[in-house]
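Bear in mind the structure is a predicted one, so any value in this text is a computation, not a measurement. Whatever order the structure lists them in is the order used to number ligands and atoms, beginning at 1.
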Amino acid sequence: MPTTRDLSTKAGVEPITMLTAYDAPTAAVVDAAGVDVILVGDSMGNAVLGYDSTLPVTFEEVKSRTAAVARAAEESLVVADMPFLSVGVSEAESVRNAGAMLKEAGADAVKLESGPHTVELTEKLVRLGIPVMAHLGLTPQQVKRTGYARQGTTRDEAREILDLARAHEEAGAFSLVLEHVPANLAAQVTEAIGAPTIGIGAGPDCDGQVLVITDVLGLSDYAPPFAEQFGDVRSEMRAAVETYRDAVEAGEFPTAEHSHVEEELDELY
Ligand code: KIV
């Protein structure tokens, strides 16, 4: 069983790899490819659920998809993202929801979009045995306040991110996602804390990197400028679907090979 400790051991020795996945077949591919961490991100809102932000994503949506991913993953660490308002409303509800991701959905850890308000909660969850990955910089659940702009671009903002990174490490977070921040800030945070940093749009000096799977596969309608498309699955899907449509329309599918005949059912009328 993968543990968060395995990740700390890898940090600084080899880059840590993390990708999102939201269903069992994709998780099986990501796991078999040897990616260290599968994040069941609330990015599923934009990536696969057809929402235009992560705000509408529900606790039940993430929990059910985390369960699917956890059933498929054998080696990768599975991290469930806590969606908007599933933590933070009250401590009791936050603990119950984060706990359910481990207890009922089979996640190995949870990720919280972090800020000053998540330091105490992180400490509480970690004490209870719920490993926490923190997330600073651009936190898309704050979209109504910050938009999707790069964060930590002034000295004050950068210092705040550095201080919060330290505070979350002290609270027991086993890792920290840094999203859409200047590369030189991410490098200094990585230097300053012992917990592995995982960057997305945060330059090359983090302990690891994460991207959204649909961006990597070339399946997204829109990808942020810091993402990279490593495949063209949309074209592959389109070609397969069109080939299927053509075969049905031409009467070429199904063939005898795809069909079953029971002799005694001949001449029913
Ligand atoms: O929801 C998500 O997929 C994320 C990553 C982009 C870090 O938070």
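Checked against salt bridge (charged side-chain N to carboxylate O under 4.0 Å, His left out), Arg127 has the following partners two or more places apart in sequence or in another chain: Glu123. With sequence neighbours excluded, no residue satisfies salt bridge (charged side-chain N to carboxylate O under 4.0 Å, His left out) with Asp215.
Evaluation of the side chain to side chain donor-acceptor pair (under 3.5 Å) test over residues 242-254, restricted to residues two or more places apart or in two chains, returns Arg238-Glu242.
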N/O to N/O under 3.5 Å, ligand 1 against protein:
| from | atom 1 | to | atom 2 | distance (Å) |
| --- | --- | --- | --- | --- |
| ligand 1 | 1 (O) | Asp42 | N | 3.2 |
| ligand 1 | 1 (O) | Asp42 | OD1 | 3.0 |
| ligand 1 | 1 (O) | Ser43 | N | 3.0 |
| ligand 1 | 1 (O) | Ser43 | OG | 3.3 |
| ligand 1 | 1 (O) | Asp81 | OD2 | 3.1 |
| ligand 1 | 3 (O) | Ser43 | OG | 2.5 |
| ligand 1 | 8 (O) | Lys111 | NZ | 3.0 |

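With a 4.5 Å cut-off on side-chain heavy atoms, Phe84 and Asp42 do not count as touching.
Within 6.0 Å of atom CG in Asp52, 12 or fewer heavy atoms from other residues, nucleotides or ligands are found, so the atom counts as exposed in its surroundings.
The closest side-chain donor-acceptor pair between Tyr222 and Ser220, if any, does not fall under 3.5 angstrom.
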